[in-house]
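The chains referred to below are lettered A, B, ... by the order of the sequence lines, with proteins before strands, and numbering in each begins at 1. A quick note: this is a predicted structure, and the numbers were derived from the prediction, not measured. Scope of the values below: all heavy atoms of this structure, side chains included, with no hydrogens, waters or symmetry mates.
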There are 2 protein chains.
Amino acid sequence: MSGDAGPLVRKLESIVELAPEEREGLRTLPLTIRDLRPQQDIVHEGDRPTQSCLVLEGFALRYKLVGGHRRQILAFHIPGEIPDLQSLHLKTMDHSLATLTAARIGFIQHRALHDLMARHPRLTGVFWRETLIDAAIFREWMVGLGRRRAPARIAHFFCEMFVRLDAIGLAKDRVIRLPVTQEELGDALGLSAVHTNRSLQELRSQNLFTFEGGRLVINDWEGLKRAADFDPLYLHQGSGGDAP
Amino acid sequence: MSGDAGPLVRKLESIVELAPEEREGLRTLPLTIRDLRPQQDIVHEGDRPTQSCLVLEGFALRYKLVGGHRRQILAFHIPGEIPDLQSLHLKTMDHSLATLTAARIGFIQHRALHDLMARHPRLTGVFWRETLIDAAIFREWMVGLGRRRAPARIAHFFCEMFVRLDAIGLAKDRVIRLPVTQEELGDALGLSAVHTNRSLQELRSQNLFTFEGGRLVINDWEGLKRAADFDPLYLHQGSGGDAP
DNA sequence: CGCCCACTTGAACGTGTTCAAACGTCGTGG
DNA sequence: CCACGACGTTTGAACACGTTCAAGTGGGCG
C-alpha cells in the first residue's frame with residue numbers, strides 16, 4: 001500500500017525551498033504505511049534495518065537502556081521527521097525506536113531513498129542536514145543533562161517542543177499537544193519521576209505554562225525562555241524561529 | 001600553503017575501503033595548515049564559517065557555555081577527524097571549537113569539499129557517515145550524563161578514547177596519550193572538578209588503569225569495560241573494535 | 001464499582017557541589 | 001641556586017540537589 005508523504009515535504013520546506021521535481025519525488029516515495037499503538041517498539045538496538053521510518057501522525061521516541069532497566073530517552077520525533085534516517089549509513093542500530101503515542105508511520109526502503117537522492121542530488125544535502133539538526137539537538141540536550149538543573153531542563157524541553165511543533169504548524173495559539181508522562185519526561189531529562197514532579201510544581205508556581213492532559217499551554221513565553229536559558233539557534237530554523 | 005591530508009585518509013579507511021581515485025582526491029584536497037597552541041579557540045558559537053577543520057595532529061574539543069561560566073564539553077576530536085564538518089550544511093555554529101593540546105589543523109574550504117563529493121559521489125556517503133558517528137557518540141554521552149554515575153562515566157570515557165585512538169593506530173600496547181585535566185574531564189562528563197577527582201580515586205583503587213601525566217595505561221580492559229558498562233557498538237567500527 | 005495508571009506527598013538517604021585551603025611540580029626570573 | 005608564581009591535584013566540611021522507597025490520591029474506563 002502506498003500513501004502520502006505530505007508531512008515530510010512540509011517539514012523539509014519549513015527550512016529549505018524545494019524545486020517542483022524534488023517535491024514530486026518526495027511525494028511519490030514508495031511508502032508502506034502502518035498504524036501503530038502507543039509505546040510500541042519499531043526498531044530495536046542491534047537490528048540492521050533496510051528501511052527508515054517517516055512519522056506521519058503522532059509522536060515517536062528513541063531510547064537506550066542501561067543496566068537493564070534504566071532508560072535514557074534520546075529524542076522525541078514529530079510528524080515529518082525520519083527518526084532513523086541514520087540507518088541509511090550506519091548499518092546496525094545503536095539504540096531503539098518506538099512510538100510514544102498511537103502513530104501512523106511510513107516505512108521507506110533505503111533503496112528508494114538512495115534512488116531519490118541519486119535523481120535529485122540536492123536532496124542529499126537536505127536529508128544530510130536533517131541528521132545534522134538531529135545531532136545539534138543532541139548537543140543541546142547534553143548541555144542540559146550535564147549543566148542545567150532540573151527546572152531549567154524541563155523548561156528548556158518545553159521551549160524546544162513548542163518551537164519545533166510550531167515550525168510545522170502544529171502549535172495553535174500558544175498551545176501544543178505534548179502527550180508525555182512525567183516518567184517519560186524524567187527519562188528524557190535524566191531525572192527520577194518524583195523529582196520531575198516536584199520540579200514541575202516549582203515551575204507551575206511561576207505561572208509560565210499549564211501542562212496537563214497531554215497539552216502544554218504557554219502563558220509567558222519570555223519568562224519560560226528565561227527560566228530555560230533557551231536560545232533557538234541550535235534548531236537551525238532559518239528565520240530564527242521565535243514564536244508566541 | 002598546502003599539506004598532507006594523510007590522517008584523514010587513514011581515519012576514513014579504518015572504516016570503509018576507498019578507491020584509488022577517491023584516496024587521491026582526498027590527499028589533494030587544498031589544505032591551509034596552521035599550528036595552534038593549546039586551549040585556542042578555532043571557531044566560535046555564532047560564527048558562519050566557510051571552511052571546515054581537519055585535525056592533523058593533537059586534540060581538539062567542542063564545547064558550549066551556559067550561564068556564562070559553566071562549560072559543557074561536547075566532544076573530543078582526534079587526528080583524522082573533521083570536528084565542524086556539520087558547518088557544511090548548518091550555516092551558523094551552535095557551539096564552539098577549540099584546541100585541547102597544541103595541534104596542527106588543516107582548513108578546508110567548503111567549496112573544495114563540495115567539489116570533491118561532486119566528483120566522487122561515494123565520498124558523500126563516507127563524510128555523511130562520519131557526522132552520523134559523531135551523533136552516535138553524542139547519544140552515548142547523553143546516556144552517561146543522564147543515567148550513569150560518576151565513576152562509570154569516567155570509565156566509559158576512557159574506554160571510548162582508547163578504542164577510537166586504537167582504531168587510527170595511536171594506541172601503543174595498552175597506552176594512549178590522553179592529555180586531559182581533571183577539570184576538563186569534569187566539564188565533559190557533567191561533574192565538578194572535585195568530584196571528578198574523588199571518583200578517579202575510587203576507580204584507581206580498583207587498579208583498572210593508570211592515568212597521570214596525560215597518559216592512560218589500561219591495566220584491566222575487561223574490568224574497565226565492566227565498570228563502564230561499555231559496548232563499542234555505538235562507535236560503528238565495522239569489526240566490532242575491541243582491543244587489548 | 002473497582003481497577004489501573006499517572007500523579008502526588010513524605011521522609012530518609014546518597015550522590016555530587018561548593019567553598020576554602022593545602023600540596024606538589026614545574027618553569028621563570030632574580 | 002633558590003624564591004616565586006602558576007597550575008593541576010588533593011583534602012575537608014557543610015550543604016544542596018536529586019533519589020529511593022513507600023504510601024496515598026484521583027480520574028478514566030471497563
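- Within the 4.0 angstrom heavy-atom criterion, only backbone atoms of the sugar-phosphate kind lie near B:Arg204; the bases stay farther away.
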Which atoms of nucleotides 24-30 of chain D (N or O only) lie under 3.5 Å from a protein N or O atom, and what are those distances?
none

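- Taking atom CG on A:Leu191 and atom C1' on C:dG16, their separation rounds to 14 Å, with Å as the unit.
- Rounded to whole Å, the distance from CG on B:Leu200 to C1' on D:dT9 is 10 Å.
- Between B:Asn197 and the phosphate of D:dT10, there is a side-chain N or O to OP1/OP2 separation shorter than 4.0 Å.
- For B:Arg177, the salt bridge (Lys or Arg N to Asp or Glu O under 4.0 Å) criterion is met by no residue, not counting sequence neighbours.
- Scored by the ring pair (Phe, Tyr, Trp, His ring centres under 6.0 Å) test, B:His156 finds B:Phe230, B:Tyr234 as partners (sequence neighbours excluded).
- Pairs of residues two or more places apart, or lying in two chains, that qualify as ring pair (Phe, Tyr, Trp, His ring centres under 6.0 Å) and include a residue from residues 186-210 of chain B are B:Phe158-B:Phe209.
- Of the candidate nucleotides C:dG16, D:dT11, C:dT8, C:dT8 has the atom nearest to the side chain of A:Gln182.
- Put simply, CD on B:Gln39 is 12 Å from C1' on D:dC7, counting in whole angstrom units.
- A straight line from CD of B:Glu212 to C1' of D:dT10 spans 14 Å, rounded to a whole angstrom.
- Residues A:Glu140 and B:Gln72 have side chains that never bring a donor and an acceptor to within less than 3.5 angstrom of each other.
- Between the C1' atom of C:dC7 and the CD1 atom of A:Ile154 lies a distance of 14 Å, rounded to the nearest Å.
- Within the nucleic acid shown, B:Gly190 comes within 4.0 Å of sugar-phosphate atoms alone, with no base atom in reach, counting heavy atoms only.
- With sequence neighbours left out, the ring pair (Phe, Tyr, Trp, His ring centres under 6.0 Å) criterion links A:His95 to no other residue.
- Looking only at distances, no side-chain donor or acceptor of A:Thr131 sits under 3.5 Å from a matching main-chain atom of A:Gln86.
- With sequence neighbours excluded, the residues satisfying ring pair (Phe, Tyr, Trp, His ring centres under 6.0 Å) with B:Phe76 are B:Phe157.
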Every protein N/O lying under 3.5 Å from an N/O of nucleotides 18-20 of chain C:
unit_1 : atom_1 : unit_2  : atom_2 : d
C:dT18 : OP1    : B:Arg70 : NH1    : 3.3

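- The ring pair (Phe, Tyr, Trp, His ring centres under 6.0 Å) test applied to B:Phe138 returns no partner, not counting sequence neighbours.
- Residues that satisfy the side chain to side chain donor-acceptor pair (under 3.5 Å) test with B:Asp220, not counting sequence neighbours, are absent from this structure.
- Between the CD atom of B:Glu202 and the P atom of D:dT11 there is a distance of 14 Å, given to the nearest Å.
- Distance, B:Glu183 CD to D:dT10 P: 14 Å, rounded to whole Å.
- Applying the 4.0 Å criterion to OP1 and OP2 of C:dT9, one finds that A:Gln201 has a side-chain N or O inside that range.
- Atom CZ in B:Arg148 sits roughly 13 Å away from atom P in C:dG16 (whole-Å rounding).
- When each of A:Val180 and A:Arg147 is assigned the nucleotide of DNA chain C with its nearest heavy atom, A:Val180 is the one assigned upstream, toward the 5' end.
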